[in-house]
Novice: 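Have a look at this one.
Just follow the structure's listing: the first ligand is 1, and inside any ligand the first atom is 1.
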Amino acid sequence: MDLTLRRKVKKAVSGSLAELYSHDLQLYVLPPTCSISLAEFEEFAMERLKGNVQGSGTGQTEFELQMRKRDHISHFILRLAYCRSEELRRWLLAKELDLFRLRFHALSAEGVRLFLQGNKLDYDPIPAEEKSRLRDCLYESTYMLSSVQIETYEFYRVPFLDVLDLVRARKCFLSSGYAYIPSVDFISVLSSKFRDNLSHALVMTARQLPALEEDERLFLMLKGLHNTYTGDDYSINKNTTGVRPEELDSLSRKSFPLCMRQLHEHIRAHHHLKHGGRQQYGLFLKGIGVSLEDALRFWREEFTKLMDLDKFEKQYAYNIRHNYGKEGKRTNYTPYSCMKIIMGSVGPGDTHGCPFKHTDLPVLKQQLYNYNLPTADIQAVADLVSHGHCQVACMKYFEVTHKVVPDSIVHPNQYFVQSQKALAGKEGFKMDTGENSSLSSAPTQKIKMDDSDVWGDDFDVSALSTSAINAVNSHTEK
Ligand code: SF4
(Lines give C-alpha, C1' and ligand atoms only; values in the text may rest on other atoms or scores of the structure.)
Protein backbone atom coordinates (compact mmCIF):
# COMPACT_ATOMS: atom_id res chain seq x y z
CA MET A 1 0.00 0.00 0.00
CA ASP A 2 1.38 3.38 -0.97
CA LEU A 3 1.35 5.55 2.11
CA THR A 4 2.99 8.54 0.43
CA LEU A 5 1.14 11.71 1.23
CA ARG A 6 0.55 13.58 -1.98
CA ARG A 7 0.49 17.29 -1.55
CA LYS A 8 -1.77 19.15 -3.87
CA VAL A 9 0.43 22.12 -4.67
CA LYS A 10 -1.08 25.28 -6.06
CA LYS A 11 1.12 27.27 -8.39
CA ALA A 12 1.72 30.96 -8.10
CA VAL A 13 0.23 33.26 -10.64
CA SER A 14 1.99 33.32 -14.01
CA GLY A 15 0.83 34.07 -17.53
CA SER A 16 0.06 37.10 -19.65
CA LEU A 17 -1.34 40.20 -18.00
CA ALA A 18 -4.58 39.92 -19.97
CA GLU A 19 -5.06 36.35 -18.76
CA LEU A 20 -4.16 37.09 -15.17
CA TYR A 21 -5.92 40.34 -14.68
CA SER A 22 -8.97 40.26 -16.91
CA HIS A 23 -11.22 41.48 -14.11
CA ASP A 24 -11.05 44.31 -11.64
CA LEU A 25 -12.49 42.29 -8.78
CA GLN A 26 -10.04 39.73 -7.45
CA LEU A 27 -10.27 36.99 -4.87
CA TYR A 28 -6.47 36.95 -4.44
CA VAL A 29 -6.31 33.19 -4.34
CA LEU A 30 -2.81 32.93 -5.77
CA PRO A 31 0.21 35.07 -4.91
CA PRO A 32 2.09 37.09 -7.52
CA THR A 33 5.47 36.12 -8.97
CA CYS A 34 7.48 38.99 -10.36
CA SER A 35 10.27 41.33 -9.39
CA ILE A 36 9.63 44.81 -8.14
CA SER A 37 12.04 47.32 -6.68
CA LEU A 38 12.02 47.89 -2.94
CA ALA A 39 10.87 51.42 -3.63
CA GLU A 40 7.86 49.98 -5.49
CA PHE A 41 7.27 47.52 -2.69
CA GLU A 42 6.94 50.42 -0.30
CA GLU A 43 4.99 52.54 -2.78
CA PHE A 44 2.43 49.79 -3.49
CA ALA A 45 1.91 49.18 0.22
CA MET A 46 1.38 52.89 0.90
CA GLU A 47 -0.97 53.23 -2.01
CA ARG A 48 -3.18 50.49 -0.66
CA LEU A 49 -3.05 51.79 2.90
CA LYS A 50 -4.17 55.18 1.66
CA GLY A 51 -7.01 53.51 -0.25
CA ASN A 52 -5.66 54.75 -3.59
CA VAL A 53 -6.20 51.47 -5.38
CA GLN A 54 -8.13 51.96 -8.57
CA GLY A 55 -11.09 50.02 -9.79
CA SER A 56 -12.09 50.07 -13.40
CA GLY A 57 -14.40 47.14 -14.13
CA THR A 58 -13.39 44.84 -16.91
CA GLY A 59 -11.43 47.11 -19.25
CA GLN A 60 -8.41 45.56 -20.93
CA THR A 61 -6.09 48.49 -21.68
CA GLU A 62 -2.44 48.17 -20.68
CA PHE A 63 -3.00 50.78 -17.97
CA GLU A 64 -5.95 48.87 -16.48
CA LEU A 65 -4.08 45.59 -16.52
CA GLN A 66 -1.08 47.19 -14.82
CA MET A 67 -3.33 48.73 -12.15
CA ARG A 68 -4.82 45.33 -11.37
CA LYS A 69 -1.35 43.87 -11.10
CA ARG A 70 -0.44 46.58 -8.59
CA ASP A 71 -3.64 45.84 -6.74
CA HIS A 72 -2.77 42.16 -6.62
CA ILE A 73 0.80 42.71 -5.38
CA SER A 74 -0.17 45.36 -2.83
CA HIS A 75 -2.83 43.07 -1.36
CA PHE A 76 -0.21 40.39 -0.72
CA ILE A 77 2.25 42.90 0.76
CA LEU A 78 -0.36 44.00 3.29
CA ARG A 79 -1.08 40.40 4.15
CA LEU A 80 2.53 40.11 5.25
CA ALA A 81 2.42 43.34 7.22
CA TYR A 82 -0.93 42.69 8.89
CA CYS A 83 -0.81 39.00 9.71
CA ARG A 84 1.23 39.14 12.89
CA SER A 85 -1.54 39.70 15.44
CA GLU A 86 -5.26 39.10 15.79
CA GLU A 87 -5.85 42.84 15.99
CA LEU A 88 -3.99 43.57 12.78
CA ARG A 89 -5.61 40.67 10.94
CA ARG A 90 -9.03 41.90 11.94
CA TRP A 91 -8.20 45.41 10.77
CA LEU A 92 -6.98 44.27 7.37
CA LEU A 93 -9.92 41.93 6.94
CA ALA A 94 -12.36 44.77 7.52
CA LYS A 95 -10.54 47.10 5.11
CA GLU A 96 -10.21 44.51 2.37
CA LEU A 97 -13.84 43.48 2.73
CA ASP A 98 -14.95 47.09 2.37
CA LEU A 99 -12.89 47.46 -0.78
CA PHE A 100 -14.21 44.21 -2.18
CA ARG A 101 -17.83 45.22 -1.56
CA LEU A 102 -17.27 48.66 -3.02
CA ARG A 103 -15.86 47.23 -6.20
CA PHE A 104 -18.58 44.62 -6.46
CA HIS A 105 -21.30 47.25 -6.23
CA ALA A 106 -19.60 49.22 -9.00
CA LEU A 107 -19.84 46.27 -11.39
CA SER A 108 -22.41 46.00 -14.13
CA ALA A 109 -24.53 42.83 -14.44
CA GLU A 110 -22.16 41.69 -17.16
CA GLY A 111 -19.19 42.44 -14.88
CA VAL A 112 -20.71 40.24 -12.17
CA ARG A 113 -21.32 37.45 -14.66
CA LEU A 114 -17.71 37.61 -15.91
CA PHE A 115 -16.41 37.63 -12.36
CA LEU A 116 -18.39 34.52 -11.41
CA GLN A 117 -17.38 32.80 -14.60
CA GLY A 118 -13.70 33.77 -14.28
CA ASN A 119 -13.55 32.46 -10.72
CA LYS A 120 -15.45 29.27 -11.51
CA LEU A 121 -18.19 30.18 -9.09
CA ASP A 122 -21.01 28.22 -10.65
CA TYR A 123 -24.02 29.77 -9.10
CA ASP A 124 -27.01 29.46 -11.37
CA PRO A 125 -30.23 31.34 -10.81
CA ILE A 126 -33.19 29.17 -9.83
CA PRO A 127 -35.40 28.12 -12.74
CA ALA A 128 -38.43 30.24 -13.61
CA GLU A 129 -40.89 27.54 -12.44
CA GLU A 130 -39.28 27.33 -9.00
CA LYS A 131 -39.28 31.10 -8.70
CA SER A 132 -42.91 31.23 -9.67
CA ARG A 133 -43.79 28.50 -7.15
CA LEU A 134 -41.94 30.34 -4.35
CA ARG A 135 -43.02 33.79 -5.43
CA ASP A 136 -45.02 34.66 -2.29
CA CYS A 137 -42.31 33.38 0.06
CA LEU A 138 -39.66 35.35 -1.81
CA TYR A 139 -41.78 38.47 -1.67
CA GLU A 140 -42.45 38.19 2.05
CA SER A 141 -38.84 37.37 2.97
CA THR A 142 -37.27 40.16 0.92
CA TYR A 143 -39.45 42.95 2.24
CA MET A 144 -37.18 45.63 0.82
CA LEU A 145 -38.03 44.58 -2.73
CA SER A 146 -41.16 45.53 -4.57
CA SER A 147 -43.16 42.92 -6.43
CA VAL A 148 -41.79 44.33 -9.69
CA GLN A 149 -38.25 43.86 -8.46
CA ILE A 150 -39.06 40.31 -7.44
CA GLU A 151 -39.99 39.66 -11.07
CA THR A 152 -36.90 41.41 -12.41
CA TYR A 153 -34.15 40.02 -10.18
CA GLU A 154 -32.67 36.59 -10.54
CA PHE A 155 -32.81 34.50 -7.34
CA TYR A 156 -30.10 32.12 -6.19
CA ARG A 157 -30.29 29.11 -3.89
CA VAL A 158 -27.22 28.93 -1.63
CA PRO A 159 -26.31 27.11 1.62
CA PHE A 160 -27.67 29.25 4.44
CA LEU A 161 -24.27 29.20 6.17
CA ASP A 162 -22.89 31.28 3.29
CA VAL A 163 -25.25 34.16 4.01
CA LEU A 164 -25.50 34.30 7.77
CA ASP A 165 -25.73 38.09 7.70
CA LEU A 166 -28.89 37.90 5.59
CA VAL A 167 -30.30 35.15 7.78
CA ARG A 168 -29.58 37.20 10.89
CA ALA A 169 -31.30 40.21 9.33
CA ARG A 170 -34.23 37.98 8.20
CA LYS A 171 -33.72 39.12 4.64
CA CYS A 172 -34.03 35.84 2.79
CA PHE A 173 -36.32 32.86 2.38
CA LEU A 174 -35.01 29.66 4.02
CA SER A 175 -35.92 26.14 3.04
CA SER A 176 -34.22 22.79 3.74
CA GLY A 177 -30.92 24.38 4.73
CA TYR A 178 -30.80 26.71 1.72
CA ALA A 179 -31.32 30.43 1.47
CA TYR A 180 -32.98 32.04 -1.54
CA ILE A 181 -31.39 35.39 -2.24
CA PRO A 182 -31.89 38.00 -4.96
CA SER A 183 -28.95 38.93 -7.18
CA VAL A 184 -28.61 42.30 -5.39
CA ASP A 185 -27.75 40.45 -2.19
CA PHE A 186 -25.31 38.13 -3.87
CA ILE A 187 -22.43 40.13 -2.45
CA SER A 188 -23.20 38.46 0.90
CA VAL A 189 -22.18 35.09 -0.53
CA LEU A 190 -19.04 36.49 -2.08
CA SER A 191 -18.11 38.53 1.02
CA SER A 192 -18.45 35.46 3.14
CA LYS A 193 -16.15 33.51 0.81
CA PHE A 194 -13.70 36.38 0.61
CA ARG A 195 -13.66 36.75 4.41
CA ASP A 196 -13.13 33.04 5.05
CA ASN A 197 -10.34 32.77 2.49
CA LEU A 198 -8.51 35.86 3.65
CA SER A 199 -8.96 35.12 7.32
CA HIS A 200 -7.44 31.68 6.93
CA ALA A 201 -4.69 32.91 4.60
CA LEU A 202 -3.65 35.54 7.14
CA VAL A 203 -3.26 32.95 9.88
CA MET A 204 -1.24 30.76 7.54
CA THR A 205 0.91 33.70 6.44
CA ALA A 206 1.67 34.52 10.08
CA ARG A 207 3.17 31.05 10.46
CA GLN A 208 5.52 31.70 7.54
CA LEU A 209 6.57 35.10 8.80
CA PRO A 210 9.68 34.12 10.82
CA ALA A 211 11.30 32.72 7.66
CA LEU A 212 10.59 35.91 5.74
CA GLU A 213 11.89 38.13 8.49
CA GLU A 214 15.37 36.73 8.14
CA ASP A 215 15.66 39.33 5.39
CA GLU A 216 16.46 42.45 7.38
CA ARG A 217 15.14 44.82 4.70
CA LEU A 218 11.77 43.14 4.74
CA PHE A 219 11.72 42.81 8.48
CA LEU A 220 12.21 46.55 8.97
CA MET A 221 9.55 47.43 6.50
CA LEU A 222 6.92 44.93 7.57
CA LYS A 223 7.48 45.71 11.24
CA GLY A 224 6.86 49.42 10.74
CA LEU A 225 4.13 49.31 8.14
CA HIS A 226 1.13 48.84 10.41
CA ASN A 227 2.22 51.79 12.53
CA THR A 228 2.56 54.02 9.50
CA TYR A 229 -0.26 56.47 9.46
CA THR A 230 -1.10 57.60 5.94
CA GLY A 231 -3.78 60.19 6.54
CA ASP A 232 -3.56 63.94 7.08
CA ASP A 233 -0.63 65.39 8.96
CA TYR A 234 -1.70 66.92 12.26
CA SER A 235 1.79 67.78 13.46
CA ILE A 236 1.72 71.17 11.79
CA ASN A 237 -0.38 73.66 13.67
CA LYS A 238 -1.45 76.34 11.22
CA ASN A 239 -4.59 77.33 13.02
CA THR A 240 -4.50 81.11 12.99
CA THR A 241 -6.99 81.53 15.83
CA GLY A 242 -5.71 78.59 17.88
CA VAL A 243 -7.44 76.83 20.75
CA ARG A 244 -7.09 78.36 24.20
CA PRO A 245 -6.80 76.24 27.37
CA GLU A 246 -10.01 77.90 28.62
CA GLU A 247 -11.92 76.28 25.74
CA LEU A 248 -10.76 72.74 26.48
CA ASP A 249 -13.45 71.83 29.03
CA SER A 250 -16.21 72.65 26.61
CA LEU A 251 -14.43 71.20 23.57
CA SER A 252 -13.68 67.97 25.42
CA ARG A 253 -17.40 67.44 26.01
CA LYS A 254 -18.43 68.35 22.48
CA SER A 255 -15.65 67.39 20.12
CA PHE A 256 -13.02 65.18 21.71
CA PRO A 257 -12.97 61.47 21.00
CA LEU A 258 -13.45 59.38 24.10
CA CYS A 259 -9.71 58.64 24.44
CA MET A 260 -8.91 62.35 24.73
CA ARG A 261 -11.98 63.27 26.75
CA GLN A 262 -11.03 60.79 29.45
CA LEU A 263 -7.45 62.11 29.54
CA HIS A 264 -8.71 65.67 29.83
CA GLU A 265 -11.09 64.78 32.63
CA HIS A 266 -8.37 62.85 34.41
CA ILE A 267 -5.96 65.75 34.45
CA ARG A 268 -8.69 68.14 35.59
CA ALA A 269 -9.64 65.77 38.42
CA HIS A 270 -6.19 64.55 39.49
CA HIS A 271 -3.87 67.30 38.23
CA HIS A 272 -1.48 64.72 36.90
CA LEU A 273 -1.03 62.33 33.99
CA LYS A 274 1.55 59.60 33.58
CA HIS A 275 4.04 59.82 30.74
CA GLY A 276 1.94 57.85 28.21
CA GLY A 277 -1.06 60.07 28.87
CA ARG A 278 0.97 63.28 28.63
CA GLN A 279 2.36 62.20 25.26
CA GLN A 280 -0.98 61.09 23.82
CA TYR A 281 -2.93 64.08 25.06
CA GLY A 282 -0.17 66.68 24.69
CA LEU A 283 0.39 65.88 21.01
CA PHE A 284 -3.36 65.80 20.37
CA LEU A 285 -3.65 69.29 21.88
CA LYS A 286 -0.84 70.50 19.67
CA GLY A 287 -2.68 69.04 16.65
CA ILE A 288 -5.95 70.85 17.43
CA GLY A 289 -4.17 74.19 17.66
CA VAL A 290 -2.98 74.74 21.25
CA SER A 291 0.21 76.81 21.01
CA LEU A 292 3.36 75.93 22.92
CA GLU A 293 2.87 78.86 25.30
CA ASP A 294 -0.73 77.85 26.00
CA ALA A 295 0.25 74.20 26.40
CA LEU A 296 2.89 75.15 28.96
CA ARG A 297 0.34 77.29 30.78
CA PHE A 298 -2.30 74.53 30.74
CA TRP A 299 0.02 71.81 32.08
CA ARG A 300 1.68 74.17 34.56
CA GLU A 301 -1.63 75.30 36.05
CA GLU A 302 -2.74 71.72 36.59
CA PHE A 303 0.53 70.17 37.76
CA THR A 304 1.39 72.96 40.18
CA LYS A 305 -1.78 72.21 42.10
CA LEU A 306 0.16 69.20 43.39
CA MET A 307 3.83 70.18 43.03
CA ASP A 308 5.93 73.30 43.20
CA LEU A 309 6.74 75.31 40.12
CA ASP A 310 10.42 74.45 40.22
CA LYS A 311 9.72 70.73 40.00
CA PHE A 312 7.33 71.26 37.08
CA GLU A 313 9.86 73.34 35.15
CA LYS A 314 12.65 70.81 35.74
CA GLN A 315 10.75 67.59 35.13
CA TYR A 316 7.88 68.35 32.76
CA ALA A 317 8.29 71.62 30.84
CA TYR A 318 11.24 70.27 28.85
CA ASN A 319 9.14 67.40 27.54
CA ILE A 320 6.34 69.71 26.43
CA ARG A 321 8.81 71.93 24.53
CA HIS A 322 10.37 68.77 23.12
CA ASN A 323 7.03 67.68 21.63
CA TYR A 324 6.76 71.04 19.90
CA GLY A 325 10.22 70.59 18.38
CA LYS A 326 11.92 73.16 20.57
CA GLU A 327 14.32 70.88 22.42
CA GLY A 328 16.61 67.93 21.66
CA LYS A 329 16.56 66.85 18.02
CA ARG A 330 13.96 69.54 17.35
CA THR A 331 11.63 67.07 15.73
CA ASN A 332 8.08 68.27 15.27
CA TYR A 333 6.35 65.22 16.74
CA THR A 334 3.16 63.93 15.18
CA PRO A 335 -0.03 63.34 17.19
CA TYR A 336 -0.78 59.65 17.60
CA SER A 337 -3.07 57.88 15.13
CA CYS A 338 -5.79 55.47 16.29
CA MET A 339 -3.73 52.52 15.15
CA LYS A 340 -0.75 53.62 17.21
CA ILE A 341 -2.93 54.19 20.26
CA ILE A 342 -4.84 50.95 19.84
CA MET A 343 -1.69 48.88 19.33
CA GLY A 344 0.21 50.58 22.17
CA SER A 345 0.64 48.96 25.56
CA VAL A 346 -1.32 50.18 28.54
CA GLY A 347 -0.42 49.13 32.07
CA PRO A 348 -2.36 49.18 35.33
CA GLY A 349 -3.12 52.72 36.44
CA ASP A 350 -2.51 54.17 32.97
CA THR A 351 -5.16 56.45 31.56
CA HIS A 352 -3.97 56.64 27.98
CA GLY A 353 -4.87 54.20 25.19
CA CYS A 354 -8.16 53.70 23.39
CA PRO A 355 -11.13 53.15 25.73
CA PHE A 356 -12.77 50.95 23.10
CA LYS A 357 -9.77 48.68 23.28
CA HIS A 358 -8.18 49.08 26.70
CA THR A 359 -11.05 49.78 29.10
CA ASP A 360 -12.99 46.90 30.66
CA LEU A 361 -16.43 46.69 29.12
CA PRO A 362 -18.46 47.26 32.33
CA VAL A 363 -16.34 50.32 33.12
CA LEU A 364 -16.75 51.64 29.59
CA LYS A 365 -20.52 51.14 29.72
CA GLN A 366 -20.68 52.97 33.04
CA GLN A 367 -18.66 55.82 31.56
CA LEU A 368 -21.02 56.13 28.60
CA TYR A 369 -23.96 55.99 30.96
CA ASN A 370 -22.42 58.86 32.95
CA TYR A 371 -22.22 60.80 29.70
CA ASN A 372 -25.99 60.30 29.31
CA LEU A 373 -25.88 58.09 26.26
CA PRO A 374 -29.17 56.23 25.77
CA THR A 375 -29.10 52.61 26.94
CA ALA A 376 -29.71 51.20 23.45
CA ASP A 377 -26.78 53.17 22.07
CA ILE A 378 -24.52 52.07 24.93
CA GLN A 379 -25.42 48.50 24.09
CA ALA A 380 -24.73 49.08 20.38
CA VAL A 381 -21.27 50.44 21.25
CA ALA A 382 -20.66 47.57 23.68
CA ASP A 383 -21.59 45.00 21.01
CA LEU A 384 -19.05 46.49 18.62
CA VAL A 385 -16.40 46.57 21.33
CA SER A 386 -17.03 42.96 22.30
CA HIS A 387 -16.42 41.96 18.68
CA GLY A 388 -13.14 43.91 18.69
CA HIS A 389 -14.31 46.71 16.37
CA CYS A 390 -12.72 49.59 18.31
CA GLN A 391 -12.76 52.21 15.56
CA VAL A 392 -16.28 51.30 14.47
CA ALA A 393 -17.37 51.64 18.10
CA CYS A 394 -15.74 55.08 18.10
CA MET A 395 -17.71 55.97 14.98
CA LYS A 396 -20.89 54.84 16.70
CA TYR A 397 -20.03 57.04 19.68
CA PHE A 398 -19.54 59.95 17.27
CA GLU A 399 -22.84 59.20 15.55
CA VAL A 400 -24.75 59.04 18.83
CA THR A 401 -23.22 62.23 20.19
CA HIS A 402 -23.42 64.26 16.97
CA LYS A 403 -26.43 62.70 15.22
CA VAL A 404 -24.23 62.53 12.14
CA VAL A 405 -22.56 59.48 10.65
CA PRO A 406 -18.84 60.24 10.40
CA ASP A 407 -16.28 59.10 7.84
CA SER A 408 -14.05 56.26 9.00
CA ILE A 409 -12.16 57.34 12.07
CA VAL A 410 -8.44 56.72 11.87
CA HIS A 411 -7.05 59.55 13.99
CA PRO A 412 -8.24 61.38 17.14
CA ASN A 413 -7.44 64.72 15.50
CA GLN A 414 -9.48 63.73 12.47
CA TYR A 415 -12.34 62.92 14.87
CA PHE A 416 -12.00 66.42 16.29
CA VAL A 417 -12.02 68.03 12.84
CA GLN A 418 -15.09 66.05 11.80
CA SER A 419 -16.84 66.94 15.02
CA GLN A 420 -16.17 70.65 14.60
CA LYS A 421 -17.41 70.54 11.04
CA ALA A 422 -20.55 68.67 12.11
CA LEU A 423 -21.22 71.17 14.89
CA ALA A 424 -20.53 74.08 12.56
CA GLY A 425 -23.13 72.68 10.18
CA LYS A 426 -25.71 72.27 12.91
CA GLU A 427 -25.19 75.39 14.96
CA GLY A 428 -24.21 77.82 12.25
CA PHE A 429 -20.89 78.08 14.06
CA LYS A 430 -18.37 79.07 11.45
CA MET A 431 -15.00 77.40 11.72
CA ASP A 432 -11.87 78.93 10.34
CA THR A 433 -11.42 76.53 7.47
CA GLY A 434 -9.20 78.77 5.44
CA GLU A 435 -5.85 77.84 4.08
CA ASN A 436 -4.13 78.62 7.33
CA SER A 437 -6.43 76.63 9.52
CA SER A 438 -5.39 73.31 11.00
CA LEU A 439 -8.99 72.31 10.44
CA SER A 440 -8.76 72.63 6.70
CA SER A 441 -7.40 69.70 4.73
CA ALA A 442 -3.95 69.32 6.09
CA PRO A 443 -1.13 68.32 3.75
CA THR A 444 -0.74 64.62 3.30
CA GLN A 445 1.95 63.27 5.50
CA LYS A 446 5.16 62.30 3.80
CA ILE A 447 5.64 58.67 4.62
CA LYS A 448 9.05 57.72 5.79
CA MET A 449 9.87 54.14 6.50
CA ASP A 450 12.57 53.36 9.05
CA ASP A 451 16.00 53.56 7.46
CA SER A 452 16.19 54.52 3.82
CA ASP A 453 19.68 53.03 3.55
CA VAL A 454 18.26 49.55 3.48
CA TRP A 455 16.15 50.25 0.41
CA GLY A 456 18.93 50.23 -2.13
CA ASP A 457 18.25 46.91 -3.88
CA ASP A 458 15.47 45.43 -5.91
CA PHE A 459 13.31 42.87 -4.27
CA ASP A 460 12.01 39.74 -5.87
CA VAL A 461 8.32 39.40 -5.07
CA SER A 462 8.59 35.72 -5.90
CA ALA A 463 10.57 35.40 -2.67
CA LEU A 464 7.37 36.39 -0.92
CA SER A 465 5.49 33.96 -3.03
CA THR A 466 7.30 30.96 -1.60
CA SER A 467 5.82 31.75 1.77
CA ALA A 468 2.55 32.89 0.36
CA ILE A 469 2.23 29.76 -1.74
CA ASN A 470 2.92 27.68 1.33
CA ALA A 471 0.17 29.57 3.06
CA VAL A 472 -2.17 29.00 0.13
CA ASN A 473 -1.31 25.36 -0.01
CA SER A 474 -1.83 24.94 3.73
CA HIS A 475 -5.22 26.45 3.11
CA THR A 476 -6.12 24.11 0.28
CA GLU A 477 -5.05 21.13 2.35
CA LYS A 478 -7.35 22.08 5.17
FE1 SF4 B 1 -9.45 57.59 20.24
FE2 SF4 B 1 -9.19 56.39 17.87
FE3 SF4 B 1 -9.95 55.00 20.05
FE4 SF4 B 1 -11.60 56.76 18.90
S5 SF4 B 1 -10.80 54.85 17.99
S6 SF4 B 1 -11.23 56.54 21.10
S7 SF4 B 1 -10.18 58.33 18.26
S8 SF4 B 1 -7.98 55.97 19.71
Novice: Test H389 against F356 for ring pair (Phe, Tyr, Trp, His ring centres under 6.0 Å), laying out the working first.
Specialist: CA-CA 8 Å; H389 303 305; F356 301 113; over 10 Å; no
Novice: Flag the pair K396 and D383 as a salt bridge only when some basic side-chain nitrogen lies within less than 4.0 angstrom of an acidic carboxylate oxygen.
Specialist: no
Novice: Please determine if E313 and R300 form a salt bridge, counting it only when a charged side-chain N lies under 4.0 Å from a carboxylate O.
Specialist: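 Yes, E313 and R300 are salt-bridged.
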Novice: So is F356 in contact with ligand 1, going by heavy-atom distances below 4.0 Å?
Specialist: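 Distance cut 4.0 Å: F356 passes for ligand 1.
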Novice: When you measure from atom 4 (Fe) of ligand 1 to every protein heavy atom, which one gives the shortest distance, and what is it?
Specialist: C394 SG, 2.3 Å
Novice: So, D98 and K95, do they make that salt bridge, N to O below 4.0 Å?
Specialist: no
Novice: Against heavy atoms of P412, which atoms of ligand 1 measure under 4.0 Å?
Specialist: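 Listed by number with element: 7 (S).
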Novice: Among all the protein's non-hydrogen atoms, which is closest to atom 3 (Fe) of ligand 1, and how far away is it?
Specialist: C354 SG, 2.4 Å
Novice: Counting backbone and side-chain atoms alike, is an N, O or S atom of C338 positioned under 2.8 Å from atom 1 (Fe) of ligand 1?
Specialist: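 No N, O or S atom of C338 is closer than 2.8 Å to atom 1 (Fe) of ligand 1, so no.
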Novice: Less than 4.0 angstrom from a charged side-chain N to a carboxylate O is my criterion; do E265 and R253 meet it?
Specialist: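 The answer is no: the pair does not qualify as a salt bridge.
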Novice: Identify the protein heavy atom lying closest to atom 1 (Fe) of ligand 1, giving its residue, its atom name and the separation to 0.1 Å.
Specialist: C259 SG, 2.3 Å
